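For clarity, every value in this text was computed on a predicted model and none was experimentally measured. Chain A is the first sequence line, chain B the second, and so forth, proteins listed ahead of strands; every chain is numbered from 1.
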Amino acid sequence: MLDIKLIRSDPEAVKAAIARRGEPLSSIDEIVELDASLRSTSTERDEIRSEIRQTSKQVGALHAQGNADEANALADHSRSLGAREKTLDERCERLAAELRELLLNVSNMPSPDAPDGLTEDGNVEVRNSGYDPDAYGDHQKVPHWEIGEQLQILDVDRAVRLSGSMFVMYRGDGARLLRALIAYGLERNRDAFEEVRPPTLVKSNTMIGSGHLPKFADDAYHIERDDLWAIPTSEVSLTSMFSGEILDEVDLPIRLMAHTSCYRREAGAAGRDTRGLLRVHEFDKVEMYAFCTPEQGHDLHMEILDRAESAIRDLGLVHRVVDLACGDISGAGARTFDIEVFAPGADRWLEVSSISWCTDYQSRRANIRYRPEGAKGTQFVHSLNGSALAVPRVWAAIVETCRQPDGSIEMPEVLHPYLGGLTKIPAPS
RNA sequence: GGAGACGUGGCCGAGCCAGGUUGAAGGCGCUUCCCUGCUAAGGAAGUAACGUCGCAAGGCGUUCGUGGGUUCAAAUCCCACCGUCUCCGCCA
């Protein structure tokens, strides 16, 4: 959520920023208007309330003196004020609800450092580990869904039987590799990040806090009976972990990481990139998350990017880092870097991590503040998030990249400690 | 899921049955100052967040789990919901 005071005092600057995303600007004008009428209405209401309170005290005092006539006359007067107060209050409620609805649907302002561009065509590649299309042998140009079937480590057909298309099932050494990836993602960040295992079913307010509601309701699974949402990422749970709290500056930054399942309806993506693990409704992910002061934001952003990138690099995967154009940054982010790995079998780049600095956009929604040391009052914290390791696509890239001419799959060395002695998934006999 | 008890400020804890001068006694903690003098004790003052108006000082409003209702007036009365605890049931 954007700061209403900023929209009020400098609507043109806000519009200029939002325009870089290619989002419509008309709601900003509506917000300014609604805000003005809300304030004038609530001022009027508050004045009447004040008068009612004063009058009521006098009524009590008069009764205490035994002066019933005068007390009743005053009470009558107060009653008429009450009617007016009610009307104004109802108008305030309506205006506030409308204003909030509009505000919740405005995306964050992109950072001035984010590249221009309304689509992914404006994305800027900032690093590439050295992609060479000729570097792959034929044995690596087999897509993971075929390898998975050959080695019986990925069973798509049976998963579809259970849950429908775009659900998958890992089996045998495939499931073991998945488990190793999760452990790897958590363990290498344990030096600085507190491991959390949050709920994966959350209330609507929790989804609003991270920015996934109300705008993206179609992308999420909703359990109607209990009005709970299945999280699309643990970012949702972690954002609201300190909701409503005022943190101490000395405790910042707070670094958290969580492994959870993630659930996505992928409503707009039917039929696109749906083979194998490219896009699935349920997947495992280790997420990094941080709350910090505005001053700490930039360095933390770089730190999380570096941690995510080095995890991929150490697995030996060809990858690149992309600085997202304004129009390609998701709603809550002000600046986002994506990490993509190259999957030689599927023959395409796969997005495996999205590292975002959300400034105070999420903390305003979830109401998370901190007390700056030596200053009065409170301020909203900044929040950042990024995948430490998103399992399916990394799993796919490993299986394809590490496939040997005999059809076996050599496990990356950094995973050995988590594989219980397995260094190679054997070729089919 | 059933029965009972309970939800007050940073914490503890009065107030609620008899609605009014209670934004809320008292204590603890914390901050500043004084005394004393040495890591104690004592004394004084201060000690929420948010909204809005104001250059400011400050004014006004909201918040006693949440949301409604009754009333001139609600922490106090009524209703619903949420949560916590105890016992029972069920279960991993």
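Per the geometry, CZ belonging to A/Arg371 stands 12 Å off C1' belonging to B/rC30, to the nearest Å. Taking atom CG of A/Asp35 as the reference point, atom C1' of B/rC53 lies 14 Å away to the nearest angstrom. Rounded to a whole Å, the CG atom of A/Asp46 is 15 Å from the P atom of B/rG59. Distance, A/Arg364 CZ to B/rA49 P: 17 Å, rounded to whole Å. Note: CD1 (A/Ile52) to C1' (B/rC60) measures 14 Å, nearest angstrom. Between the CZ atom of A/Arg45 and the P atom of B/rC60 there is a distance of 16 Å, given to the nearest Å. Regarding A/Met1, its CE atom lies at a distance of 13 Å from the C1' atom of B/rC50, rounded to whole Å. Between the CD atom of A/Glu245 and the P atom of B/rC50 there is a distance of 15 Å, rounded to whole Å.
The partner of B/rA57, taking Watson-Crick or G-U wobble pairs whose two distances both stay under 3.5 Å, does not exist in any strand shown. B/rA24 is unpaired under the criterion used here, namely a Watson-Crick or G-U wobble arrangement in which both key atom distances are under 3.5 Å. Pairing for B/rG67 goes to B/rC79, judged as Watson-Crick or G-U wobble with the two contacts each under 3.5 Å. Of all nucleotides present, none satisfies the Watson-Crick or G-U wobble test against B/rA40 with each distance under 3.5 Å. Pairing for B/rC85 is with B/rG4, a Watson-Crick or G-U wobble pair whose two hydrogen-bonding atom distances lie under 3.5 Å. Pairing partner, B/rA74: none, since no Watson-Crick or wobble contact has both distances short of 3.5 Å. Of the nucleotides present, none pairs with B/rC90 by Watson-Crick or G-U wobble criteria with both distances under 3.5 Å. Base pairing of B/rC16 is not made with any nucleotide, judged by Watson-Crick or G-U wobble geometry with both donor-acceptor distances under 3.5 Å.
Taking only side-chain nitrogens and oxygens, A/Arg49 never comes nearer than 4.0 Å to OP1 or OP2 of B/rU63. The side chain of A/Arg369 contributes an N or O atom lying less than 4.0 Å from OP1 or OP2 of B/rC50. Close to B/rU71, at under 4.0 Å from its OP1 or OP2, lies no side-chain N or O of A/Arg53. Contact between the side-chain N/O atoms of A/Ser50 and the OP1/OP2 oxygens of B/rG61 is found at a separation under 4.0 Å. Applying the 4.0 Å criterion to OP1 and OP2 of B/rC53, one finds that A/Arg39 has a side-chain N or O inside that range. A close approach under 4.0 Å does occur between a side-chain nitrogen or oxygen of A/Thr378 and OP1 or OP2 of B/rC50. When the side-chain nitrogen and oxygen atoms of A/Lys203 are compared with OP1 and OP2 of B/rC82, none of them lie within a distance under 4.0 Å.
Ring orientation note: the planes of A/Tyr221 and A/Phe167 are tilted relative to one another, at an angle of 30° to 60°. Using a 30° and 60° split on the angle between ring planes, A/Phe337 and A/His301 fall in the tilted class, from 30° to 60°.
In terms of position on RNA chain B, the residue among A/Ile4 and A/Asp76 whose nearest nucleotide sits closer to the 5' end is A/Ile4. Map A/Gly82 and A/Glu93 each onto its nearest nucleotide of RNA chain B; the residue landing nearer the 5' end is A/Glu93.
Taking atom P in both B/rA40 and B/rU22, one finds a spacing of 37 Å when rounded to whole Å. Using atom P as the reference point in both B/rG4 and B/rC64, the two lie 27 Å apart (nearest Å). Between B/rU70 and B/rA75, the distance separating the two P atoms is 16 Å to the nearest Å. For B/rU47 and B/rC11, the C1' atoms lie 13 Å apart once the distance is rounded to whole Å. Spacing of C1' atoms, B/rG27 relative to B/rG9, comes out at 14 Å, to the nearest Å. For B/rU21 and B/rA73, the P atoms lie 14 Å apart once the distance is rounded to whole Å.
Within 4.0 Å of A/Thr43, counting heavy atoms only, lie sugar-phosphate atoms of the nucleic acid but no base atom. Contact annotation for A/Ser56: base contact, defined as any heavy-atom pair under 4.0 Å involving a base atom. At the heavy-atom level, A/His77 lies nowhere under 4.0 Å from the strands shown.
Between A/Arg190 and the choices A/Glu187, A/Glu194, A/Arg188, the side chain to side chain contact (heavy atoms under 4.5 Å, CB included) rule is met once, by A/Glu187.
By the 4.5 Å heavy-atom criterion applied to side chains, A/Leu178 and A/Arg176 are not counted as neighbours.
A salt bridge links A/Lys15 and A/Asp29; the closest N-O separation between the charged side-chain nitrogens and carboxylate oxygens is under 4.0 Å.
Proximity of the aromatic rings of A/Tyr170 and A/Trp395 is defined here by a centroid distance below 6.0 angstrom, and this criterion is met.
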* To do: Please report the C-alpha distance between A/Thr239 and A/Tyr289 in whole Å, then the side-chain angles of each, then the deciding distance to 0.1 Å, and finally whether the side-chain hydrogen bond (donor to acceptor under 3.5 Å, both in side chains) criterion is met.
  => CA-CA 8 Å; A/Thr239 299; A/Tyr289 200 96; 2.8 Å; yes
